[in-house]
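Reviewing the structure listed below.
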Amino acid sequence: MRYTQLGRTGLKVSRLVLGTMNFGPQTDEADSHAIMDAALDAGINFFDTANVYGWGENKGRTEEIIGSWFAHGGGRRDKVVLATKVYGNMGPDGEAWPNHDKLSAVNIRRAVDASLKRLGTDRIDLYQFHHIDRATPFDEIWQAIDVLIQQGKILYAGSSNFPGYKIAQANETAARRGGTIGLVSEQCLYNLAERRAEMEVIPAAQDYGLGVIPWSPLHGGLLGGVIKKEAEGGRRASGRAADTLADPVARKQIQAYEDLLEKHGVEPGETALAWLLTRPGVTGPIVGPRTREQLDSALRALELELSEELLASLDEIFPGPGPSPEAFAW
């Protein structure tokens with residue numbers, strides 16, 4: 001396993017991040033535990049979750065599954081850099097009582113205590129804001145975070161799904177307050193097929209010393225060889241991938257991608273992950289395996305070296321927006 005620093009911190013994390021969103025809704029507790037064991041055995045030490053995972057009436061279930069895995073002991077908790085998130089409504093009926101969601105100081109305090117209980121731990125290593133809160137000033141958010149850090153309940157704070165200007169606003173506010181480390185990571189949608197983050201989010205993250213943690217590295221399965229799998233009678237595309245393939249132009253693009261990788265003798269999903277590992281500012285992509293086999297495939301991406309020729313061909317199929325501000329100024 002390869003490791004890197006998380007942004008400007010001294011925290012060492014694996015270049016692959018274990019995403020746990022499927023634990024509970026799609027993968028039962030026993031299989032989830034087996035996947036976490038295998039990830040730890042492979043050297044993955046960075047686990048990502050969120051308080052809302054489990055979804056619907058089962059919100060919080062994913063954190064509980066991770067907590068029951070920690071309870072098995074064996075040094076599991078101390079070996080893991082644990083990241084979770086706050087923002088979403090945790091009410092099972094879908095309607096939040098006032099102050100039971102978003103990023104007010106009162107909800108942050110309530111949410112962190114609830115997550116700690118579900119996770120069965122005394123600390124969260126990386127506490128991430130799952131979305132921007134347009135109603136709560138960053139002075140209030142940082143005041144709440146500073147208290148939690150002083151209490152030892154969290155160690156670092158990160159963002160998720162933030163635009164570039166909010167990353168700047170958050171860290172400039174932290175700097176004015178003094179003594180506040182500010183955001184150390186940004187978790188964003190970023191992959192070969194979705195490169196808009198290169199315009200402002202990733203440059204802002206790099207300038208402020210945030211590690212970039214891409215989610216949906218296969219773009220909902222679109223970059224995992226979906227057309228070939230359909231032709232072979234495998235699992236059909238769904239969600240974002242199915243919507244994209246319904247567009248003839250987009251389908252032609254994905255077909256060109258799969259044809260290119262077949263020519264080079266490499267697997268699509270592994271290539272998509274390996275490409276992200278070459279991108280400036282990227283700490284490591286989040287992989288969310290439903291099965292042990294999917295985890296093994298993700299691990300193989302760490303050993304995959306992409307040639308300059310292949311990287312150039314991928315850019316031709318999925319051209320990025322180019323540097324900012326030129327990308328949108330002219």
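Quick note: numbers below take in every heavy atom, side chains included, and nothing from hydrogens, waters or symmetry partners. Starting from 1, each residue takes its place in the sequence as its number.
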Taking the basic N atoms (NZ, or NE/NH1/NH2) and the acidic carboxylate oxygens, is any pair closer than 4.0 Å for [X] and [Y]?
{"X": "Asp125", "Y": "Arg77", "answer": "yes"}
{"X": "Arg279", "Y": "Glu198", "answer": "yes"}
{"X": "Glu270", "Y": "Arg300", "answer": "yes"}
{"X": "Glu258", "Y": "Lys263", "answer": "no"}
{"X": "Arg292", "Y": "Asp41", "answer": "no"}
{"X": "Asp122", "Y": "Lys153", "answer": "no"}
{"X": "Lys85", "Y": "Asp48", "answer": "yes"}
{"X": "Glu230", "Y": "Arg251", "answer": "yes"}

Please confirm whether the backbone N or O of [Y] pairs with a side-chain atom of [X], one donor and one acceptor, at under 3.5 Å?
{"X": "Glu64", "Y": "Leu119", "value": "no"}
{"X": "Tyr156", "Y": "Leu6", "value": "no"}
{"X": "Gln5", "Y": "Gly10", "value": "yes"}
{"X": "Ser14", "Y": "Asn45", "value": "yes"}
{"X": "Thr20", "Y": "Phe23", "value": "no"}
{"X": "Ser185", "Y": "Val212", "value": "no"}
{"X": "Ser159", "Y": "Phe162", "value": "no"}
{"X": "Glu186", "Y": "Asn161", "value": "yes"}
{"X": "Asp139", "Y": "Ala174", "value": "no"}
{"X": "Arg290", "Y": "Thr27", "value": "no"}

Are [Y] and [X] linked, directly or through intermediate hydrophobic residues, by side-chain heavy-atom contacts shorter than 4.5 Å (ILVMFWY only)?
{"X": "Val86", "Y": "Phe47", "value": "yes"}
{"X": "Val80", "Y": "Val112", "value": "yes"}
{"X": "Trp215", "Y": "Val287", "value": "no"}
{"X": "Leu311", "Y": "Tyr190", "value": "yes"}

Are any of the side-chain heavy atoms of [X] and [Y] separated by less than 4.5 Å?
{"X": "Arg123", "Y": "Ile154", "answer": "no"}
{"X": "Arg61", "Y": "Arg118", "answer": "no"}
{"X": "Val13", "Y": "Thr283", "answer": "yes"}
{"X": "Leu245", "Y": "Ile227", "answer": "yes"}
{"X": "Val81", "Y": "Leu11", "answer": "yes"}
{"X": "Leu302", "Y": "Leu16", "answer": "yes"}
{"X": "Phe129", "Y": "Tyr87", "answer": "no"}
{"X": "Ile44", "Y": "Met1", "answer": "yes"}

Does the side chain of [X] come under 3.5 Å of the side chain of [Y] through a donor N or O and an acceptor N or O?
{"X": "Asn191", "Y": "His219", "answer": "yes"}
{"X": "Lys166", "Y": "Gln169", "answer": "yes"}
{"X": "Thr49", "Y": "Thr62", "answer": "no"}
{"X": "Asp37", "Y": "Trp69", "answer": "yes"}
{"X": "Glu63", "Y": "Ser115", "answer": "yes"}
{"X": "Asn99", "Y": "Ser104", "answer": "no"}

Under 6.0 Å from the [atom1] atom of [X], do we count more than 12 heavy atoms belonging to anything else shown?
{"X": "Lys102", "atom1": "NZ", "answer": "no"}
{"X": "Arg109", "atom1": "CZ", "answer": "no"}
{"X": "Glu262", "atom1": "CD", "answer": "no"}
{"X": "Glu308", "atom1": "CD", "answer": "no"}

On a heavy-atom basis, which atom in [X] and which in [Y] lie closest, and how many Å separate them?
{"X": "Ala170", "Y": "Trp142", "value": "O-NE1, 2.9 Å"}
{"X": "Leu183", "Y": "Gly158", "value": "CD2-C, 3.7 Å"}
{"X": "Arg15", "Y": "Val282", "value": "NH2-O, 3.1 Å"}
{"X": "Pro163", "Y": "Ile132", "value": "CD-CG2, 3.8 Å"}
{"X": "Ile108", "Y": "Leu148", "value": "CG2-CD1, 3.6 Å"}
{"X": "Glu200", "Y": "Ser324", "value": "CG-OG, 3.9 Å"}

- prompt: How long is the gap from CG on Leu273 to CD1 on Ile286, to the nearest 0.5 Å?
  reply: 11.5 Å

Lys59 and Glu57: CA distance, side-chain angles, deciding distance, salt bridge (charged side-chain N to carboxylate O under 4.0 Å, His left out) verdict: CA-CA 6 Å; Lys59 291 174 184 176; Glu57 295 181 354; over 6 Å; no

message: Under the criterion side-chain contact (heavy atoms from CB on, under 4.5 Å), I'd like the reasoning laid out for Val147 against Gln151: C-alpha separation, chi angles, the key distance, then a yes or no.
response: CA-CA 6 Å; Val147 170; Gln151 292 174 336; 3.7 Å; yes

task: Test side chain to side chain donor-acceptor pair (under 3.5 Å) on Asp146 and Gln150 and set out the steps.
output: CA-CA 6 Å; Asp146 287 346; Gln150 291 162 9; 5.6 Å; no

task: Start with the C-alpha distance between Glu172 and Arg177, add both sets of side-chain angles, then the distance that settles salt bridge (charged side-chain N to carboxylate O under 4.0 Å, His left out), and finish with yes or no.
output: CA-CA 9 Å; Glu172 290 298 332; Arg177 288 176 57 82; over 6 Å; no

- request: Determine, stepwise, if the pair Leu18 / Phe46 fulfils side-chain contact (heavy atoms from CB on, under 4.5 Å).
  value: CA-CA 6 Å; Leu18 181 68; Phe46 198 3; over 6 Å; no

message: Is the distance between the ring centroids of Tyr257 and Phe318 under 6.0 Å?
response: yes

task: Cation-pi check, Arg76 to Phe70: give yes when NZ or CZ is under 6.0 Å from the six-membered ring centre and within 45° of the ring axis, no otherwise.
output: no

task: Kindly assign one of parallel, tilted or perpendicular to the pair His72 and His33, based on the angle between their ring planes and the thresholds 30° and 60°.
output: perpendicular

